[in-house]
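Only a predicted model underlies this, so the values are computations on that prediction, with no experimental measurement involved.
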2 protein chains.
Amino acid sequence: MVVDGVAEEAEAGTDRLFQALADLTRRDILRRCARDELSVSRLAEAYPMSFAAVQKHVAVLERAGLVVKERRGREQLVRTDPEALDRARRALDELEAAWRGRVERMSDLLAEAPEAESETRQPTEGQSR
Amino acid sequence: MVVDGVAEEAEAGTDRLFQALADLTRRDILRRCARDELSVSRLAEAYPMSFAAVQKHVAVLERAGLVVKERRGREQLVRTDPEALDRARRALDELEAAWRGRVERMSDLLAEAPEAESETRQPTEGQSR
DNA sequence: TCCATCTACAACCATTTGGTTATACGTTAC
DNA sequence: GTAACGTATAACCAAATGGTTGTAGATGGA
């Protein structure tokens, strides 16, 4: 449980990350705020929905760590965190490692048992890929 | 509209992709089914929830194209599609391109206008922040 | 000071999501 | 053939999501 604490939080963070990315409006906000720093109202003008709705989308992105808000006077400037997509990518890498793991194990089989393979497909066959 | 048709579907697909990844149980299913092909009931044994719940998770993964089901006798074997994570990665790349674009444009500014920039904000003015 | 602007937040609503149980159907084993 | 197994699907429920409107608090400019 104690050890799980950190892992659980990491997984919850991954949940929030992908969840935040799973919406077209939010992905578009990310694109816009990657190019420029935009205030929330400026952003809101771009979408066919209320200011409050856009504000909520920004909040979701912020909780996911994809975006950072910086106050300037009465407006709040939004910019996407360049490091954030790296985290997303790392999450994918971690998933991919699972079946890279499978490949490794297959290599292990081939490496550790250089002879006596009766059940794997014959080398005589023109091998697939 | 006609042109949008394909883009819309692509974006909807991206929604489903990230949505499917935004759940710990589903990510775990992906890991397990990357290593081995597992039947749905076999999978269900691994989680503290009903068979039907796991079945729904698999359905979400399938709709997102992250997983493929193959019938063998009375059981349905699930395996993750190796190509799927590539699609997720490509979606991230497309997002990242947005601020790679920003960097390019900044380089462009520096490269194309080595002098005579009158309309960008003056370094001399203590600007209004 | 007064007003317009930008933001925050609450209350509400419809739909989706993640779970449950129950039931029905096809397949395998005995 | 019958029983056990694996799957599919429906009906239901609570909570989360994506949207709305309304109200109130700061801030900046006239």
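The CG atom of B:Leu77 sits 9.5 Å away from the CZ atom of B:Arg42 when rounded to the nearest 0.5 Å. Residue A:Leu30 holds its CG atom at 6.5 Å from CG of A:Leu21, rounded to the nearest 0.5 Å. Here the OG atom belonging to A:Ser39 is positioned 7.0 Å from the CD atom belonging to A:Glu45, to the nearest 0.5 angstrom. Note that the CD atom of B:Glu37 and the NZ atom of B:Lys69 stand 13.5 Å from one another [nearest 0.5 Å]. Between atom CG of residue A:Leu24 and atom NE2 of residue A:His57 there is a gap of 9.5 Å, rounded to the nearest 0.5 Å. Remark: A:Glu94 CD to A:Glu11 CD distance equals 6.5 Å, nearest 0.5 Å.
Within 6.0 Å of CZ in B:Arg72 there are 12 or fewer heavy atoms belonging to other residues, nucleotides or ligands. Around atom CZ of B:Arg87, more than 12 heavy atoms belonging to other residues, nucleotides or ligands sit under 6.0 Å away.
With respect to the salt-bridge test (charged N to carboxylate O, under 4.0 angstrom), the residues A:Glu96 and B:Arg89 qualify.
Heavy-atom contacts of chain A under 4.0 Å fall on DNA chain D between two terminal nucleotides, which in 5' to 3' order are D:dG18 to D:dG28.
With rounding to whole Å, A:Lys69 atom NZ is found 11 Å from C:dC9 atom C1'. Distance B:Tyr47 OH to C:dG18 P: 15 Å, rounded to the nearest Å.
Within the structure, every pair that satisfies the salt bridge (charged side-chain N to carboxylate O under 4.0 Å, His left out) test and touches residues 13-25 of chain A, not counting sequence neighbours, is listed here: A:Glu9-A:Arg16, A:Asp15-B:Arg27.
A heavy-atom distance below 4.0 Å to DNA chain C is reached by these residues of residues 20-27 of chain B, ordered by number: B:Arg26. Of the residues in residues 54-62 of chain A, A:Gln55, A:Lys56 come within less than 4.0 Å of DNA chain C through at least one heavy atom, sorted by number.
B:Ser50 has no side-chain polar atom (N or O) that falls below the 4.0 Å cut-off from OP1 or OP2 of C:dG19. Considering only side-chain N and O atoms, B:Gln19 lies nowhere under 4.0 angstrom from the phosphate OP1 or OP2 of C:dT16.
Not counting sequence neighbours, the partners of A:Val60 by the side-chain contact (heavy atoms from CB on, under 4.5 Å) test are A:Ala20, A:Arg26, A:Arg63.
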Please test B:Asp28 against B:Arg32 for salt bridge (Lys or Arg N to Asp or Glu O under 4.0 Å), starting from the C-alpha separation and ending with a verdict.
CA-CA 6 Å; B:Asp28 196 73; B:Arg32 286 176 193 268; 2.8 Å; yes
Going through the checks in order, is the salt bridge (Lys or Arg N to Asp or Glu O under 4.0 Å) test met by A:Asp36 and A:Arg79?
CA-CA 7 Å; A:Asp36 306 295; A:Arg79 71 184 146 79; over 6 Å; no
I need a per-nucleotide contact map over nucleotides 22-30 of chain C, read 5' to 3'. Cutoff is protein heavy atoms under 4.0 Å; write B for the base, S for backbone only, - otherwise.
-----BB--
